[in-house]
Colleague: 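Got a structure for you, written out below as structure tokens; questions coming shortly.
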Amino acid sequence: MKINGVQHRSVQVDPENNTDVLIFDQTKLPFSLETLRLTECAQVAHATTSMQVRGAPLIGAVAAYGLALALRVDSENTAMERDAAMLAATRPTAVNLRWAIDRMLAKLRPLTPEDRVAAAYAEAARICDEDVAQNEAIGRHGLDLIEKIEKKKNKSGRINILTHCNAGWIATVDWGTALAPIYMAHDAGYDVHVWVDETRPRNQGAALTAWELGSHGVPHTVIVDNAGGHLMQHGMADLVIVGTDRVTARGDVANKIGTYLKALAARDNDVPFWVALPSTTIDWSVNDGVREIPIEERSGLEVTNVTGQTADGRIETVRITPRESAAANPAFDVTPARLVTGLITERGRCAASAAGLRSLFPEKAGR
Ligand SMILES: CSC[C@H]1O[C@H](OP(=O)(O)O)[C@H](O)[C@@H]1O
């Protein structure tokens with residue numbers, strides 16, 4: 001995505017040394033855009049658990065480079081398997097992380113240790129290039145959906161889309177998933193406006209989606225997470241598009257906490273609820289999302305404290321609850337397929353069902 005006319009990806013290898021991994025520190029946004037230089041595997045793991053880097057497709061891509069960094073230190077089997085397992089364990093819900101590590105190991109295990117470093121960087125680069133192409137295709141298939149909705153509207157041409165959390169270009173290598181169709185619709189001249197769920201507790205919407213859309217000139221309004229149902233009741237949302245961290249073989253969708261509640265409100269108000277994802281987010285090995293998808297439990301401090309910028313520009317974290325109050329912080333929830341209007345993938349749109357997914361990915365049918 002372009003920022004001030006300069007093309008950016010969310011992860012790249014430093015062209016100066018073809019070794020170090022460069023990401024944006026997403027915990028610094030929207031107040032500053034800072035590049036983080038990762039030179040060893042442990043730094044990749046920390047960046048992932050601390051959410052300096054986040055977003056299902058992106059944490060997979062960065063973990064792939066993390067394994068390449070690890071192999072530079074020790075490319076023997078024992079170290080490779082240990083470092084791969086450590087990276088895969090950094091976050092449990094986004095299947096892209098496990099998928100990327102498994103793909104890297106499948107490529108690297110047959111090689112001699114001497115050949116592994118170069119092969120790892122090359123495979124990680126392929127993962128990144130594929131993510132960009134997949135997300136661009138998601139954008140095109142989502143744009144077609146927005147165009148259809150725009151034609152059906154009998155009021156002003158403005159298309160109001162609600163999104164939850166951040167599934168933009170900064171959550172992927174580029175383009176994003178849920179935001180890719182929005183960028184393309186905006187660039188195509190459609191009057192698109194986005195209701196941006198703040199997305200407590202880490203405020204990925206208020207801090208990241210709002211920053212992304214504002215940087216690209218897309219009209220948007222930040223709202224509290226609990227306002228979405230009201231807007232839908234009053235016909236102020238034409239469409240909901242969200243990203244996802246894991247979709248099951250029957251179309252159940254794990255995504256940022258609060259997504260399920262949005263889907264319930266959308267169903268109650270006949271608002272189309274679409275989920276955008278590259279096929280690397282599909283977990284063909286599970287069906288029942290509520291029972292089978294591991295939900296990350298994060299620190300309660302993310303609930304009891306908030307971080308923001310003071311009037312004189314300082315970044316501060318303050319407590320918003322009594323010290324003695326406990327806090328629970330499940331980071332994701334699962335929306336059953338029955339509440340999902342459809343899935344937008346790089347191969348097109350389909351119903352959130354086993355048959356729908358098989359129609360787009362027949363090679364996975366026999367799994
Ligand atoms: C295309 S990002 C998909 C997904 O990942 C985000 O989770 P997190 O911010 O915890 O990494 C969010 O659930 C997005 O919808």
Side-chain angles (χ1 to χ4, degrees), residues 1 9-11 23-27 29 47-63 90-100 128 131-132 134-139 142 162-183 194 196-209 211-212 225 240-247 253-263 273-283 289 293-299 302-303 329-335 340 343-346:
M1 191 55 72
R9 278 188 172 188
S10 302
V11 58
I23 62 171
F24 294 115
D25 182 346
Q26 297 191 37
T27 63
L29 288 170
T48 306
T49 53
S50 67
M51 294 177 69
Q52 288 174 309
V53 64
R54 45 137 310 271
L58 183 59
I59 62 178
V62 174
T90 48
R91 294 190 74 193
T93 304
V95 71
N96 314 63
L97 179 55
R98 179 75 266 175
W99 168 84
C128 289
D131 187 59
V132 174
Q134 287 168 342
N135 298 336
E136 188 170 10
I138 289 167
L162 186 145
T163 194
H164 190 70
C165 197
N166 172 257
W169 72 269
I170 198 112
T172 66
V173 179
D174 201 351
W175 278 110
T177 57
L179 296 192
I182 291 169
Y183 287 129
V194 184
V196 176
D197 273 359
E198 61 177 347
T199 317
R200 286 277 293 142
R202 291 191 63 102
N203 300 320
Q204 287 97 321
L208 302 176
T209 297
W211 171 78
E212 279 200 36
D225 293 325
V240 177
I241 306 182
V242 298
T244 173
D245 296 80
R246 189 181 309 215
V247 173
V253 169
N255 197 48
K256 186 53 54 196
I257 193 79
T259 304
Y260 172 43
L261 296 178
K262 279 303 120 57
F273 183 92
W274 286 80
V275 179
L277 65 134
S279 51
T280 51
T281 309
I282 303 169
D283 183 348
I293 295 177
I295 299 297
E296 180 182 10
E297 287 285 341
R298 294 189 62 88
S299 165
E302 293 182 351
V303 178
N329 187 13
F332 299 95
D333 59 25
V334 175
T335 300
V340 179
L343 304 173
I344 309 169
T345 79
E346 68 271 22

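Ligands are counted one by one from 1 in listed order, and the atoms in each one are counted from 1 as well. What you see is a predicted model; the values in this text were computed from it and never measured.
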Colleague: Apply side-chain hydrogen bond (donor to acceptor under 3.5 Å, both in side chains) to the pair Asn255 and Thr244, showing each step before the final yes or no.
Modeller: CA-CA 5 Å; Asn255 197 48; Thr244 173; 5.0 Å; no
Colleague: Between Arg200 and Glu198, does any NZ, NE, NH1 or NH2 come within less than 4.0 Å of an OD or OE carboxylate oxygen?
Modeller: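 Result for this pair is no, no salt bridge flagged.
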Colleague: I'd like the contact residues of ligand 1, where contact means a heavy atom below 4.0 Å.
Modeller: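 Contacting ligand 1 under 4.0 Å are Met51, Arg54, Gly55, Ala56, Pro57, Arg91, Cys165, Asn166, Ala167, Ala171, Thr172, Thr177, Gln204, Gly243, Thr244, Asp245, Asn255, Lys256, Phe332.
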Colleague: Looking at OG1 of Thr281 and CZ of Arg246, how far apart are the two atoms once the value is rounded to the nearest 0.5 Å?
Modeller: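 Interatomic distance, Thr281 OG1 to Arg246 CZ, rounded to 0.5 Å: 10.5 Å.
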Colleague: Is there a donor-acceptor pair under 3.5 Å between the side chain of Lys262 and the backbone N or O of Asp225?
Modeller: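 Pair found, side chain donor or acceptor close to backbone of Asp225.
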Colleague: Specify the closest pair of heavy atoms between Val253 and Leu343, including all atoms of both residues, with the distance to one decimal.
Modeller: CG2-CD2, 4.2 Å
Colleague: Over 60° means perpendicular and under 30° means parallel, so classify the ring planes of Trp211 and Trp169, tilted if in between.
Modeller: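 Correct class here is tilted.
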